[in-house]
Amino acid sequence: MNTEKFKIEIKKRLQGKFEHDLLDASLQNLVDIHNKLRFNNFAYSLRELTRHILERLAPDEKVLNTAWFIPISPKEPKKVTRKQRMKYAIQGGLPDDYVIDTLEIDVDTIGKKVGDNIDLLSKYTHVNPDSFYVEDGKVKELSEKVMDAVILLFQTIEESRASLTQELEDNVNTTVISNLFYETIDSIDYLATHYNIEDFTIDEITLLDIDDTIVYFKATGDVNVNLQYGSNGDLRRDDGMTMNESFPFTGEFYGRIKDGITTFELETETFEVDTDCHWG
């Protein structure tokens with residue numbers, strides 16, 4: 001991977017001025033041909049950039065609050081490793097058994113695969129006789145390996161998260177949304193004297209985010225309604241009428257991760273039924 005292609009790819013994953021400036025400074029080291037530490041400086045600064053990105057994707061307080069977090073040492077109970085950050089960036093707070101058994105995603109294997117490649121950065125961060133003054137011909141070869149490894153890190157996180165998202169959406173029990181239709185929906189209530197929900201369909205469920213304790217979703221679909229005009233007595237006297245209509249709905253929901261997600265329940269953040277079509 002050449003430098004320009006790397007810049008294009010990595011910039012897609014950056015946020016804020018600091019990360020962009022650190023990337024530019026990292027790459028600037030490679031053109032400092034009179035500095036015998038140019039590759040070491042490049043490797044070090046690029047490793048720091050990946051560290052900052054991972055800390056943004058997986059903040060300490062979020063990782064520490066997951067059910068799966070286990071300190072690597074009793075002496076450092078709040079130390080979060082790179083592997084644990086990668087794990088959080090992929091699965092958030094979802095329990096390991098749910099991710100492995102139900103979603104069939106092996107985050108640990110993914111993490112090891114990427115970690116082995118990123119270790120190349122650390123090798124040249126520590127200046128020893130065998131890592132000092134990397135000759136010009138070798139700089140290009142090694143820098144391309146490093147850049148490939150960094151892009152692989154974030155591509156793997158994104159691809160794994162996308163797979164998890166798809167599997168999780170497929171495993172969500174959409175029937176929990178039916179509870180919403182037992183409550184009065186004002187936009188429908190305004191249309192008639194009485195109404196009854198006949199049934200509803202879910203067109204799409206989209207995973208918006210996973211953090212340490214909550215999964216966020218958006219759902220879209222249609223609700224089929226029987227509208228009644230007049231009282232039951234009016235209907236018996238043929239002074240009232242009923243009609244069926246279908247309205248689209250959208251809603252954003254959240255559910256707390258607990259009991260291995262077996263008792264996962266969605267709670268409503270926003271929920272709207274669009275009845276504009278009723279008025280033509």
Side-chain angles (χ1 to χ4, degrees), residues 10 12-16 18-19 49-72 76-112 114-115 118 153-177 179-180 202 204-220 250-272:
I10 194 64
K12 297 176 185 177
R13 282 95 179 171
L14 301 184
Q15 289 185 10
F18 171 75
E19 291 181 5
L49 177 61
T50 62
R51 180 177 66 82
H52 279 285
I53 298 174
L54 283 174
E55 287 180 354
R56 169 167 53 79
L57 295 175
D60 283 3
E61 64 273 15
K62 297 289 188 180
V63 179
L64 294 171
N65 202 36
T66 61
W68 52 256
F69 176 79
I70 299 175
I72 58 170
E76 298 179 289
K78 294 187 177 182
K79 180 178 175 60
V80 179
T81 66
R82 181 184 66 201
K83 182 178 178 181
Q84 289 167 335
R85 292 193 197 282
M86 289 176 56
K87 181 175 180 176
Y88 181 87
I90 293 171
Q91 75 180 65
L94 291 174
D96 290 339
D97 56 353
Y98 182 76
V99 173
I100 295 171
D101 299 335
T102 303
L103 305 183
E104 299 181 349
I105 296 175
D106 190 345
V107 176
D108 286 340
T109 299
I110 293 168
K112 185 179 186 308
V114 178
I118 297 300
L153 166 65
F154 297 110
Q155 284 178 339
T156 302
I157 288 175
E158 292 157 2
E159 290 168 3
S160 301
R161 183 64 173 264
S163 297
L164 181 144
T165 297
Q166 183 61 51
E167 293 295 332
L168 187 57
E169 289 168 9
D170 291 345
N171 280 278
V172 170
N173 184 359
T174 59
T175 60
V176 297
I177 300 177
N179 293 330
L180 295 168
I202 304 292
E204 183 178 26
I205 289 183
T206 304
L207 179 65
L208 299 177
D209 195 15
I210 307 174
D211 62 20
D212 50 324
T213 58
I214 298 179
V215 181
Y216 301 87
F217 291 95
K218 179 177 181 180
T220 60
T250 60
E252 292 190 3
F253 312 91
Y254 64 93
R256 295 197 176 276
I257 299 167
K258 55 184 180 180
D259 298 335
I261 214 166
T262 56
T263 59
F264 182 79
E265 296 178 355
L266 292 180
E267 297 181 36
T268 311
E269 183 74 15
T270 62
F271 181 73
E272 296 180 355

Go through the structure and list residues passing side-chain contact (heavy atoms from CB on, under 4.5 Å) with [X], not counting sequence neighbours.
X    : result
T66  : W68, F69, Y88, D212
K12  : I8, E9
E272 : T250
E204 : T206, T220

**Study point:** Evaluation steps, side chain to side chain contact (heavy atoms under 4.5 Å, CB included), between D96 and Q91
**Key:** CA-CA 9 Å; D96 290 339; Q91 75 180 65; 3.2 Å; yes
Point to revise | Pairing residues for F18 by the ring pair (Phe, Tyr, Trp, His ring centres under 6.0 Å) criterion, not counting sequence neighbours | key: H52
[atom1]/[X] to [atom2]/[Y] distance, rounded to the nearest 0.5 angstrom?
X    : Y    : atom1 : atom2 : result
I157 : L57  : CD1   : CG    : 6.0 Å
L153 : M86  : CG    : CE    : 5.0 Å
L54  : F154 : CG    : CZ    : 5.0 Å
F271 : E252 : CZ    : CD    : 12.5 Å
K78  : L64  : NZ    : CG    : 7.0 Å
I10  : E19  : CD1   : CD    : 9.0 Å

**Study point:** Check: D211 and Y216 side chains under 4.5 Å, non-hydrogen atoms
**Key:** yes
Return the minimal non-hydrogen interatomic distance between [X] and [Y], and the atom names on each side.
X    : Y   : value
I210 : G92 : CG2-CA, 3.8 Å
A58  : A89 : CB-N, 4.4 Å
P77  : P71 : O-CG, 3.5 Å

Results of salt bridge (charged side-chain N to carboxylate O under 4.0 Å, His left out) for [X] - residues two or more places apart only:
X    : answer
R51  : E48, E55
E158 : R13
D60  : R85

Exercise for review: Please lay out, stage by stage, how R82 and T50 fare under the test side chain to side chain contact (heavy atoms under 4.5 Å, CB included).
Suggested key: CA-CA 10 Å; R82 181 184 66 201; T50 62; over 6 Å; no
Check your understanding: With a 4.0 Å cut-off, would you call D209 and R161 a salt bridge?
Key -> yes
